[in-house]
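Side-chain atoms are counted along with the backbone in the values below, which use heavy atoms only and exclude waters and symmetry mates.
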Amino acid sequence: MSKITSVRGMNDLPPEEVRVWTIAEETIKNVFNSYGYEEIRFPIVEKTELFTRSNESADIVTKEMYTFDDKGGDSISLRPEGTAGCVRAAIDNDLVRIDCPRLWYQGPMFRYERPQKGRSRQFQQSSAEAFGIRSAEIDAELIILSSRIWKELGVISNLNLQINNIGDEETRQSYAKSLQNYFKKYERDLDEDSLRKLSENPLRILDSKSESIQGLLKKAPDISEFISKESKDEFSELMSILEDAGIKFSINTKLVRGLDYYNQTVYEWKSDLLGAQDTICGGGRYDNLVEELGGKPCPATGFSIGMERLILLMKETLELDIDNKNIDLFFVCLSKESIQKAIMYSESLREKISKIGIRINMGLEGAGSQFKKADKSRAMFALILGDEELKNDTISLKDLRSKSDQETLSYDDLEKRINKTYK
């Protein structure tokens with residue numbers, strides 16, 4: 001049989017890579033919890049209509065979703081983003097009606113797009129969503145929360161925040177007509193994708209990656225000309241809170257985000273160190289989505305972190321300590337009998353000392369080879385079981401992190417020594 005490789009764009013994470021991810025994931029989790037956000041989990045497979053009804057012109061719907069019919073004939077999709085699934089779960093579990101929940105989640109998303117640095121077909125996001133609060137304060141809290149994550153990870157100096165206000169439905173309709181009128185004289189210069197966006201949702205053309213389109217947009221109407229006084233006042237309040245919190249930002253009037261359900265405040269955290277895929281985190285308000293998905297009217301706002309890009313930034317800018325710290329003791333075993341004895345000793349130690357990491361070498365290599373493995377494992381101690389130790393019912397202990405002499409101990413003395421070190 002020929003070698004089976006992974007699906008294109010679906011990447012493995014070997015142990016050393018996982019250690020970097022664990023640093024990021026645990027930090028993000030701790031920050032979410034410190035702000036009083038609660039974890040929610042929901043399926044990676046949802047009914048296709050969950051994503052299509054609110055994003056009919058978004059790229060993820062028109063060309064990127066993994067969609068198929070199940071055996072019952074229903075159209076289902078791998079989730080391309082998390083917000084819609086979180087909203088659906090919040091409605092189904094009656095969270096929105098009972099309270100104003102603030103939720104977080106981590107997990108895989110799926111989009112069929114060309115794999116490149118920082119962009120995979122299966123990718124991970126860490127996200128926060130807040131429901132039931134319609135004010136600048138909750139948007140500010142989420143932005144400040146995300147800033148706290150960057151500080152805790154040590155990458156804040158390599159990120160810059162861009163914010164914008166895209167107004168309410170009336171604002172966007174007026175602005176959309178203005179964009180359509182502006183681009184009429186440039187129709188011959190537009191590709192098929194841009195023409196589609198202009199027809200279906202003109203604001204999506206602001207998010208174009210085409211240099212020629214971005215050039216044309218420099219003289220296009222600005223959305224700020226169409227924003228209502230109420231939206232402007234709310235945006236000013238947000239900026240004032242961010243300034244008081246010491247959060248630096250710039251206003252990008254072309255920032256719209258890639259999903260059609262956004263309104264009012266939107267924002268992105270970007271880095272200059274990642275090339276074209278420079279957005280680490282993006283979010284904003286989606287005040288109509290809960291009602292669109294069958295719930296009662298409920299304002300909402302949130303953000304998502306692209307974990308692959310965050311990991312790239314961490315590797316680019318930080319000196320990461322990713323040694324394996326899970327192993328404390330390494331048993332060097334020189335016979336089958338010593339392996340069996342080590343298994344019994346290990347279980348006895350685990351019973352008495354929680355969270356201790358023990359690895360037993362079971363390959364019966366020479367002592368020198370096993371000691372190299374013990375050192376590579378980053379264990380503190382090597383525990384040696386050879387013929388003499390088995391005969392005398394003892395264990396030899398070698399401190400791998402110092403030049404002290406090897407000691408021979410009874411099991412009871414070993415247990416006391418280990419207990420004193422790790423309790």
Side-chain angles (χ1 to χ4, degrees), residues 40 42 46-62 65 77 79-103 105 127-143 163-177 179 197 200-207 223-224 226-235 237-238 255-268 282-304:
I40 187 170
F42 45 90
E46 299 273 8
K47 293 179 179 178
T48 299
E49 63 184 308
L50 177 67
F51 307 110
T52 57
R53 63 186 297 170
S54 297
N55 297 289
E56 291 179 358
S57 64
D59 285 347
I60 63 168
V61 172
T62 58
M65 278 173 51
S77 297
R79 61 186 186 193
E81 53 96 13
T83 298
C86 183
V87 171
R88 194 270 313 146
I91 295 170
D92 279 0
N93 291 278
D94 215 17
L95 302 179
V96 176
R97 183 184 66 83
I98 295 172
D99 198 3
C100 296
R102 301 184 203 183
L103 307 172
Y105 51 91
S127 307
E129 317 282 2
F131 298 90
I133 306 168
R134 178 72 176 87
S135 70
E137 286 81 8
I138 190 63
D139 293 313
E141 178 183 81
L142 281 160
I143 292 173
I163 63 175
N164 192 24
N165 190 295
I166 58 175
D168 54 20
E169 183 65 26
E170 184 179 344
T171 293
R172 293 193 301 282
Q173 287 181 3
S174 298
Y175 183 50
K177 289 179 182 178
L179 280 176
K197 288 177 178 178
E200 296 176 354
N201 183 353
L203 270 69
R204 293 290 295 113
I205 202 167
L206 300 180
D207 199 36
I223 195 170
S224 60
F226 300 83
I227 299 292
S228 68
K229 183 180 183 304
E230 181 184 1
S231 293
K232 286 180 179 179
D233 290 345
E234 184 176 314
F235 195 52
E237 187 177 1
L238 170 66
L255 176 61
V256 292
R257 301 292 297 139
L259 296 163
D260 295 345
Y261 49 62
Y262 283 108
N263 67 289
Q264 305 291 2
T265 297
V266 292
Y267 53 89
E268 290 182 347
R285 299 204 64 84
Y286 48 95
D287 292 321
N288 300 317
L289 185 58
V290 174
E291 187 175 8
E292 286 179 17
L293 296 181
K296 292 186 176 180
C298 176
T301 182
F303 70 74
S304 290

Shortest non-hydrogen contact from Ser228 toward Asp168: OG-OD2, 4.4 Å
Tyr105 side chain to Thr83 backbone, donor-acceptor under 3.5 Å: yes
Measuring from atom CG of Leu238 to atom CG of Asp233, what distance do you get when rounded to the nearest 0.5 angstrom? 12.5 Å
Please report the shortest heavy-atom distance between Ser231 and Ile227, naming the atom on each side. CB-CG2, 3.3 Å
CD of Glu141 to CZ of Arg102: how many Å apart, nearest 0.5 Å? 4.5 Å
N/O donor-acceptor pairs under 3.5 Å from side chains in residues 294-304, not counting sequence neighbours:
unit_1, atom_1, unit_2, atom_2, d
Thr301, OG1, Asp139, OD1, 2.8
Thr301, OG1, Gly284, O, 3.2
Ser304, OG, Ser127, OG, 2.7

Does Glu234 pair with Arg134 as a salt bridge, N-O distance under 4.0 Å? yes
In this structure, which one of Thr265, Ile166, Val266 forms a side chain to side chain contact (heavy atoms under 4.5 Å, CB included) with Arg285? Thr265
Minimal heavy-atom distance between Leu142 and Ala128, with the atoms involved, is CD2-CB, 3.9 Å
Taking the side chain as everything from C-beta on, heavy atoms only, tell me whether Ser135 gets closer than 4.5 Å to Ile138. yes
For the backbone of Phe235 and the side chain of Asn165, can you confirm whether one donor and one acceptor N or O come within less than 3.5 Å of each other? no
If you round to the nearest 0.5 Å, how far is CZ of Phe131 from CG of Leu103? 5.5 Å
Closest non-hydrogen atom pair, Phe42 against Gly82: CZ-O, 3.5 Å
Closest heavy-atom contact between Glu49 and Thr52? CA-OG1, 3.2 Å
In Å, rounded to the nearest 0.5 Å, how long is the span from CD of Glu292 to OH of Tyr261? 10.5 Å
Audit row: Phe51, Glu81, side chain to side chain contact (heavy atoms under 4.5 Å, CB included) steps and yes/no: CA-CA 9 Å; Phe51 307 110; Glu81 53 96 13; 4.1 Å; yes
Gap between atom CD1 of Ile223 and atom CG of Leu206 - 0.5 Å precision: 7.0 Å
Could you walk me through whether Glu169 and Arg172 pass side chain to side chain contact (heavy atoms under 4.5 Å, CB included), step by step? CA-CA 5 Å; Glu169 183 65 26; Arg172 293 193 301 282; 2.9 Å; yes
Determine whether Leu255 and Ile163 satisfy the following criterion, side chain to side chain contact (heavy atoms under 4.5 Å, CB included), listing intermediate values before the conclusion. CA-CA 7 Å; Leu255 176 61; Ile163 63 175; 5.7 Å; no
Rounded to the nearest 0.5 Å, how far does OG of Ser77 lie from CZ of Arg79? 13.0 Å
Tell me whether the count of non-hydrogen atoms from other residues, nucleotides or ligands lying under 6.0 Å of CD in Glu137 goes above 12. yes
Which pair of heavy atoms, one from Ile40 and one from Ala89, lies closest together, and at what distance? CD1-CB, 3.9 Å
